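Please read all numbers here as calculations on a predicted model, not as lab measurements.
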There are 2 protein chains.
Amino acid sequence: MKISELSRRTGVPVASIKYFRREGLLPAGRATAATLAEYGEEHVQRLRLIKALTTLGGLSIAAARDVLTAVDQTESTDETLKEISYALPVPVAQAPAGDADEEAEAAAAAAADVADLIAAMDWQVPGTSPHVQGLTTALRELRRLDADYRPERLVRYAELACSVARLDLERAAAFENSPTLAEQAVVVVALSGPLLELLRRLAQEDQVRRRSA
Amino acid sequence: MKISELSRRTGVPVASIKYFRREGLLPAGRATAATLAEYGEEHVQRLRLIKALTTLGGLSIAAARDVLTAVDQTESTDETLKEISYALPVPVAQAPAGDADEEAEAAAAAAADVADLIAAMDWQVPGTSPHVQGLTTALRELRRLDADYRPERLVRYAELACSVARLDLERAAAFENSPTLAEQAVVVVALSGPLLELLRRLAQEDQVRRRSA
DNA sequence: AGTAGCTGGATACTTAAAGTATCCAGTACT
DNA sequence: AGTACTGGATACTTTAAGTATCCAGCTACT
């Protein structure tokens, strides 16, 4: 299949396909001549995955590349899952520091909360995990807003998060050794989140509606 | 407090404060003269909220303005919650259409799945809700990736989402008639999601680690 | 009263991301 | 031989999110 047909099949403009290839998200086609290459179904699939990661997962092109690179370089399911997870950007940008003292104090308190939570949940995660860092930043931010996220409350959220993760990984077991392992793993790790968020909003909407009715 | 002090207190550059005011995220200070205005604690709080929405919530400036505008214009807790929820961008961009036939078929199937889910959960939400639309788009995208999100599986995610929403709204009850209602509501609706996502990733990391150990 | 240093408001500039578009020389069908 | 298409390189465009500059008015210190 030539690039024009790949474009037609996926709805992605030729110029964009070239862009993705340039950025390392899409492997080049099999060259049949100096100015001609052949594309296959794997390219169609890859483009779908790129679209899903960027539109549904909300990833930037650079982040999607990191995820796809991780996917292409690992073998076992578990390793793939971990790589994707770490390649994913944490949804917390570092906020600029305000008052220095206040800042340090808030950071310490947030770090303590995270440590408590990890202990309470008996989670075995390294302190260097980007998610631990991200959670600390997030709690610091929430603390500054006087939001009520004390450990007791946080634990209840964490327990639900555990259940979701169990559901996610249940699926991972099903495609152990599957040829589309990478794609499925990406879906479970990167696309489950936005889906859950949508469901949470719908559930919220329903409950608010019932309350005021 | 003058603008320079507001900047020092919050760590936000003066130019950025002016920018937020220009974009309608931050009310102007009380003018004391043609070229002088007085800012108060409410401006400090508002800037913190803006930072939280953009860095933690991942909202664009435009989206944050919509949320804050909704907040400023409503009175009751329930109304505020709904307005914020609707003002929040749905984390699903419309993907470009590929094959026309295939597309229509996938869209219909996704819409049916959503309808089934809503019926199964007995959710009372209007079909016009942006979240329903978003969920439909998301499922269409996932379906195209051959991801296994059949209704049975989806329902289990939905049930967990319900529990999370219950936890969220439990907090909303606590600040009924509170003077900081708006801020708290924003936290519950817009910032609970990123927090949950972080917890989900941590839980995933823990479970993968245990499995391979 | 003079002046250095802020201020609001307007406007111009900058940077980065995500594409788009153009150009070019080399095929490939007819 | 001619037309249409290709890969590759490069240039351009658009939008978001700030930053920086300018200006005239004020204000506080001296």
- [ ] For the side chain of A:Ala34, starting at C-beta, report the closest nucleotide among C:dG9, D:dG7, C:dG26.
- [x] C:dG26
Task: Inter-residue atom distance A:Leu181.CG - A:Leu81.CG, 0.5 Å rounding - done: 7.5 Å
- [ ] Could you state the atom-to-atom distance from NZ of B:Lys51 to P of D:dG18 in whole Å?
- [x] 12 Å
Task: Listed nucleotide nearest any side-chain atom of A:Arg22, set C:dT7, C:dA18, C:dA21 - done: C:dA21
Open item on the list: Is there a side-chain contact between A:Ser4 and the phosphate of D:dT6, meaning an N or O under 4.0 Å from OP1 or OP2?
Closed with: yes
Task: Protein-nucleotide distance (B:Arg21, atom CZ; D:dG18, atom P), rounded to Å - done: 16 Å
Task: Given C:dT20, D:dA20, D:dG25, the nucleotide with the shortest approach to the side chain of B:Thr35 - done: D:dG25
TODO: Indicate whether the side chain of A:Ser85 and that of B:Gln204 have a donor and an acceptor atom separated by less than 3.5 Å.
DONE: no
TODO: With DNA chain D as reference, determine whether B:Ser60 or A:Glu5 sits nearer its 5' end, using the nearest nucleotide of each.
DONE: A:Glu5
- [ ] Nearest-nucleotide wise, let me know which of A:Thr32 and A:Lys18 is further upstream toward the 5' end of DNA chain C.
- [x] A:Lys18
Open item on the list: Please determine whether a side-chain nitrogen of the Lys or Arg among B:Arg156 and A:Glu170 lies less than 4.0 Å from a carboxylate oxygen of the Asp or Glu.
Closed with: yes
Task: Rounded distance (Å) that lies between atom P of D:dG8 and atom CD of A:Glu23 - done: 15 Å
Task: cation_pi(A:Arg201, B:Tyr86) dist<6.0 Å, angle<=45 - done: no
TODO: Identify the two heavy atoms, one from A:Ala28 and one from A:Tyr39, that lie closest to each other, and give their separation to 0.1 Å.
DONE: C-CE2, 4.4 Å
Open item on the list: Rounded to whole Å, please give me the gap between OH in A:Tyr19 and P in C:dG19.
Closed with: 6 Å
TODO: Classify the nucleic acid contact of A:Ala33 as base, sugar-phosphate or nothing, counting any heavy atom under 4.0 Å across all strands shown.
DONE: sugar-phosphate
- [ ] Report yes if at least one side-chain N or O of B:Ser16 is closer than 4.0 Å to OP1 or OP2 of D:dT19; otherwise report no.
- [x] yes
Task: Minimum-distance nucleotide to A:Tyr39 side chain [options: C:dT7, D:dT19, D:dG7] - done: D:dG7
Open item on the list: Output the rounded distance in Å from CD1 (A:Ile3) to P (D:dC5).
Closed with: 13 Å
- [ ] Could you tell me the separation between the CD1 atom of A:Ile17 and the C1' atom of C:dT20, rounded to a whole number of Å?
- [x] 13 Å
Open item on the list: Whole angstroms only, please: what is the CG-P distance between B:Leu36 and D:dA28?
Closed with: 8 Å
